[in-house]
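Owing to the predicted nature of the structure, the values given are computational and were not obtained by experimental measurement.
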Amino acid sequence: MSRLRKGAAGPAEPPADAGPMVKAEQVHKSFGRLEVLKGIDLEVMPGEVMCVIGPSGSGKSTFLRCINHLEKINAGRLWVNGHLVGYRQSGGKLYELRDREVAAQRREIGMVFQRFNLFPHMTALENVMEAPVRVKRQPKQQAREKALALLDRVGLGDKAQSYPAQLSGGQQQRVAIARALAMEPALMLFDEPTSALDPELVGEVLEVMKQLAVDGMTMVVVTHEMGFAREVGDSLVFMDGGVVVEKGAPREVLANPQHPRTQDFLSKVL
């Protein structure tokens with residue numbers, strides 16, 4: 001299948017001199033004595049879809065959680081949309097932001113997890129409306145209209161009044177995507193969004209993600225779906241042991257990996 005073309009139905013292409021949407025500089029993260037990230041250097045440009053692959057325990061999900069400060073880094077720097085994540089710099093020193101300031105930063109970042117994390121006592125519509133009403137203080141009618149439009153966008157316009165227990169896993173994940181989009185993020189993070197789904201439900205979620213890419217959304221996607229990475233990704237990162245082992249165009253990395261560790265991993269999954 002040919003590479004999807006971006007921009008036709010979405011925002012204008014970012015200017016050539018636009019800075020990176022995500023910039024990681026020697027990012028380290030440890031849990032106790034276990035060093036999970038060992039100096040990550042990466043850049044994601046506006047409108048780029050970066051796919052991250054690698055074995056379990058390689059640090060992929062931890063890196064994603066560091067981007068929106070769900071995990072605090074131990075060393076290095078992380079920027080999103082030109083702003084330091086979780087800190088401000090003054091006089092060459094870093095000062096940790098207050099919880100309220102961190103929450104404000106997170107509004108720019110949508111995250112979709114393996115498990116859907118929907119509120120079980122709320123309908124699909126209420127799940128999508130909740131954050132804009134509570135966090136952005138959006139009028140309920142305005143939030144409702146936007147939520148209905150987003151549910152329609154992910155193919156669930158007829159499920160607005162359904163509760164999570166009445167939806168399939170694929171439908172719940174699409175509601176989760178609509179919920180993240182309701183905050184109008186500049187960046188979307190996906191942490192293996194299809195790994196908890198039955199195989200026949202994977203395609204419907206990937207289709208929504210493909211359309212987001214066409215519309216120009218900047219995305220970092222931790223995934224095992226190599227076909228999605230090949231077709232939709234602009235860049236592919238292979239992580240192992242807390243470091244970036246290899247990075248390049250998805251088709252090139254998948255067809256002709258250069259590093260022995262990448263070759264070994266792909267020989268088992270392709």
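Contact annotation: the side chain of E225 approaches that of L206 to within less than 4.5 Å [non-hydrogen atoms, C-beta and beyond]. Taking 4.5 Å as the limit, every side-chain heavy atom of V85 sits out of range of all side-chain heavy atoms of I67.
In plain terms, the two heavy atoms of L70 and M111 that are nearest each other are CD1-SD, 3.9 Å. Counting all heavy atoms, side chain and backbone alike, L181 lies closest to P185 at O-CD, 3.7 Å. Annotation for G170 and L201: closest pair N-CD1, 3.7 Å, computed over non-hydrogen atoms. Summarising the geometry of P120 relative to P164, their closest heavy-atom pair is O-CD, 3.8 Å, with the distance given to 0.1 Å. Closest heavy-atom contact between A143 and P132: CB-CB, 4.4 Å. Considering every non-hydrogen atom in both A131 and M183, the closest pair reads CB-SD, 3.6 Å.
Within a 6.0 Å sphere centred on CZ of R144, heavy atoms belonging to other residues, nucleotides or ligands number 12 at most. Counted within 6.0 Å of CZ on R115, heavy atoms from surrounding residues, nucleotides or ligands total 12 or fewer; the atom is thus considered open. The number of heavy-atom neighbours closer than 6.0 Å to CD of Q26, taken from other residues, nucleotides and ligands shown, is above 12.
Separating the CZ atom in R179 from the CZ atom in F119 is a distance of 6.0 Å, to the nearest 0.5 Å. Rounding to the nearest 0.5 Å gives a distance of 8.0 Å between CG of N256 and CD of Q263. Distance check, rounded to the nearest 0.5 Å: CD of Q171 to CZ of F116 gives 10.5 Å. Separation of atoms NZ (K60) and CG (D191) is listed at 8.5 Å; rounding is to 0.5 Å. Residue I109 holds its CD1 atom at 9.0 Å from CG of N81, rounded to the nearest 0.5 Å. One finds the CE atom of M50 at 14.5 Å from the OG1 atom of T223 (value rounded to the nearest 0.5 Å).
Applying the 4.5 Å side-chain rule to ILVMFWY residues, one finds M226, L236, F238, V243, V245, V253, L254, F265, L266, V269, L270 in the same cluster as I53.
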Given the rule in the side chain to side chain donor-acceptor pair (under 3.5 Å) test, do D240 and S58 qualify, once you have shown the distances and angles that lead to the verdict? CA-CA 4 Å; D240 189 32; S58 59; 5.5 Å; no

Decide yes or no on side chain to side chain donor-acceptor pair (under 3.5 Å) for E145 and Q141, but give the supporting numbers first. CA-CA 6 Å; E145 290 171 4; Q141 185 56 36; 3.2 Å; yes

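At least one donor-acceptor pair closer than 3.5 Å links the side chain of R174 to the backbone N or O of V154. A donor-acceptor pair is defined here as one N or O able to donate and one able to accept, closer than 3.5 Å; such a pair exists between the side chain of E246 and the backbone of H259. Panel note: side chain N127, backbone T123; a donor-acceptor pair is recorded below 3.5 Å. Between the side chain of E231 and the main chain of F228, no donor-acceptor pair closer than 3.5 Å is present.
Taking the charged nitrogens against the carboxylate oxygens, R65 and E71 do have a contact shorter than 4.0 Å, which makes a salt bridge. Using a 4.0 Å cut-off between charged side-chain N and carboxylate O, E108 and R106 make no salt bridge. Looking at K136 and E184, a side-chain N of the basic residue comes within less than 4.0 Å of a carboxylate O on the acidic one, giving a salt bridge. With respect to the salt-bridge test (charged N to carboxylate O, under 4.0 angstrom), the residues D215 and R153 qualify.
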Identify all side-chain donor-acceptor contacts of residues 27-39 below 3.5 Å with residues at least two apart in sequence or on another chain.
from: H28; atom 1: ND1; to: E35; atom 2: OE2; distance (Å): 3.0
from: K29; atom 1: NZ; to: K72; atom 2: O; distance (Å): 2.8
from: K38; atom 1: NZ; to: G241; atom 2: O; distance (Å): 3.4

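Just one residue in the list E43, E48, K247 forms a side chain to side chain donor-acceptor pair (under 3.5 Å) with S235, and that residue is E48. Checking R77, K93, E96 one by one against Y87, the side chain to side chain contact (heavy atoms under 4.5 Å, CB included) holds for a single residue, E96.
Under the rule for a side-chain hydrogen bond (donor to acceptor under 3.5 Å, both in side chains), the partners of E192 that lie at least two apart in sequence or sit in another chain are H224.
No single ILVMFWY cluster, assembled from side-chain heavy atoms under 4.5 Å apart, contains both L189 and W79. When the side chains of ILVMFWY residues are joined at heavy-atom separations under 4.5 Å, either directly or via intervening members, L156 and L197 end up in a single hydrophobic cluster. Hydrophobic clustering keeps Y163 apart from L125 (ILVMFWY residues linked when any side-chain heavy atoms are closer than 4.5 Å, directly or through intermediates). Note on V222 and M209: separate hydrophobic clusters, where clusters join Ile, Leu, Val, Met, Phe, Trp and Tyr whose side-chain heavy atoms are under 4.5 Å apart, directly or indirectly. Transitive grouping of hydrophobic side chains (ILVMFWY, heavy atoms separated by less than 4.5 Å) keeps V112 and V52 in distinct clusters.
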